Amino acid sequence: MSTATTELRRFLTITGRRLRDGQSAPEMFSPAVDAAWHKALGTPQYEALCQETAGRPIRHVANNGHGPIAWVTAYEAAYGPLPDIWFTDADGTVDDQAVARYRETGTVVAEWDCGPAGGDGDDDVAPDQPETSRR
């Protein structure tokens with residue numbers, strides 16, 4: 001299993017927990033993990049993965065924004081520090097400055113253009129943020 005696929009599993013687990021607890025869905029800020037998500041979407045394996053990790057269907061929806069990533073603390077409590085794949089673009093280039101900022105501060109401020117939503121049609125995406133384009 002690739003690192004991006006492992007991180008997608010973890011992201012979907014965090015998503016399920018947040019939605020179950022009435023929190024907004026987490027922001028998908030990693031182009032590399034998002035690419036793994038796109039490969040899985042629409043397959044029977046993805047449906048099974050969602051049930052296994054999130055306990056429910058999870059949709060992939062457009063959701064542009066930027067700001068602090070709210071779910072990092074929950075991730076760290078469950079899995080430890082975010083690996084570099086979260087700071088990697090779709091071509092495999094790691095943003096070393098973003099990794100360094102995260103390692104120094106423990107926080108992530110990023111842009112995103114998509115995120116998860118519950119499979120039941122609820123509008124449980126991340127709060128509205130100013131629209132941005134991903135760099």
Side-chain angles (χ1 to χ4, degrees):
M1 184 179 313
S2 76
T3 302
T5 302
T6 296
E7 292 307 307
L8 175 61
R9 293 179 64 81
R10 292 175 175 181
F11 180 78
L12 292 173
T13 299
I14 297 280
T15 297
R17 290 178 188 160
R18 288 182 64 89
L19 296 178
R20 185 177 56 249
D21 293 345
Q23 297 174 310
S24 64
E27 308 86 359
M28 172 50 75
F29 69 94
S30 169
V33 178
D34 189 44
W37 195 3
H38 279 265
K39 286 181 186 176
L41 286 169
T43 66
Q45 294 84 2
Y46 179 70
E47 292 177 24
L49 176 64
C50 289
Q51 288 301 323
E52 177 186 334
T53 58
R56 64 191 286 180
I58 300 294
R59 294 178 295 129
H60 181 282
V61 298
N63 182 30
N64 293 338
H66 71 276
I69 303 301
W71 54 270
V72 172
T73 302
Y75 179 99
E76 291 170 333
Y79 307 111
L82 291 170
D84 289 359
I85 192 76
W86 283 101
F87 306 94
T88 303
D89 68 20
D91 295 323
T93 303
V94 177
D95 182 341
D96 292 324
Q97 290 181 333
V99 172
R101 276 191 305 275
Y102 166 62
R103 302 281 185 249
E104 290 172 17
T105 67
T107 60
V108 177
V109 177
E111 297 178 351
W112 60 91
D113 60 11
C114 63
D120 54 9
D122 289 343
D123 291 330
D124 45 12
V125 296
D128 288 336
Q129 298 285 336
E131 190 168 320
T132 63
S133 61
R134 185 172 272 163
R135 291 179 219 153

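All figures in this text were calculated on a predicted structure; none of them were measured in a lab.
- A 4.5 Å side-chain heavy-atom check between Tyr102 and Pro81 finds at least one atom pair inside the cut-off.
- Ring geometry for Trp86 against Trp71 counts as perpendicular: the plane angle is over 60°, on a 0 to 90° scale with 30° as the lower cut.
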- Worked verdict on Val108 versus Leu82 for side-chain contact (heavy atoms from CB on, under 4.5 Å): CA-CA 10 Å; Val108 177; Leu82 291 170; 3.8 Å; yes
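- A side-chain donor-acceptor contact under 3.5 Å links Tyr75 and Glu7.
- Taking the side chain as every heavy atom from C-beta outward, Asn63 and Trp112 approach each other to under 4.5 Å.
- When all heavy atoms of Ala25 and Pro116 are compared, the pair lying nearest together is CB-O, 3.2 Å.
- Considering every non-hydrogen atom in both Cys114 and Asp34, the closest pair reads SG-OD1, 3.3 Å.
- Scanning for side chain to side chain contact (heavy atoms under 4.5 Å, CB included) contacts around Ala70 gives Arg18, Glu27, with sequence neighbours left out.
- Not one N or O on the side chain of Tyr46 forms a donor-acceptor pair closer than 3.5 Å with the backbone of His38.
- Here the straight-line distance linking atom OG1 of Thr6 with atom CG of Leu8 works out to 9.5 Å at 0.5 Å rounding.
- A donor-acceptor pair shorter than 3.5 Å can be found between the side chains of Ser2 and Thr5.
- Closest approach of Val61 to Arg59, counting heavy atoms only: CG1-NH1, 3.8 Å.
- By the 4.0 Å N-to-carboxylate-O rule, Arg101 lies too far from Glu104 to be salt-bridged with it.
- A perpendicular orientation is assigned to the rings of Trp37 and His60, their planes being inclined by more than 60° (bins at 30° and 60°).
- At a threshold of 4.0 Å, the pair Asp84-Arg103 counts as salt-bridged, since one of the basic side-chain nitrogens sits closer than that to a carboxylate oxygen.
- Evaluation of the side chain to side chain contact (heavy atoms under 4.5 Å, CB included) rule for Thr53 yields Arg9, Leu12, Thr13, Leu49 as partners, not counting sequence neighbours.
- Annotation for Glu76 and Gly106: closest pair OE2-O, 4.3 Å, computed over non-hydrogen atoms.
- Shortest non-hydrogen contact noted between Val33 and Ala4 is CG1-O, 4.1 Å.
- To the nearest 0.5 Å, atom NE2 of residue His66 and atom CG of residue Asp113 are 14.0 Å apart.
- Thr88 is not listed as a side-chain neighbour of Asp95, based on a closest heavy-atom distance of 4.5 Å or more.
- The CD1 atom of Ile69 sits 10.0 Å away from the OG1 atom of Thr107 when rounded to the nearest 0.5 Å.
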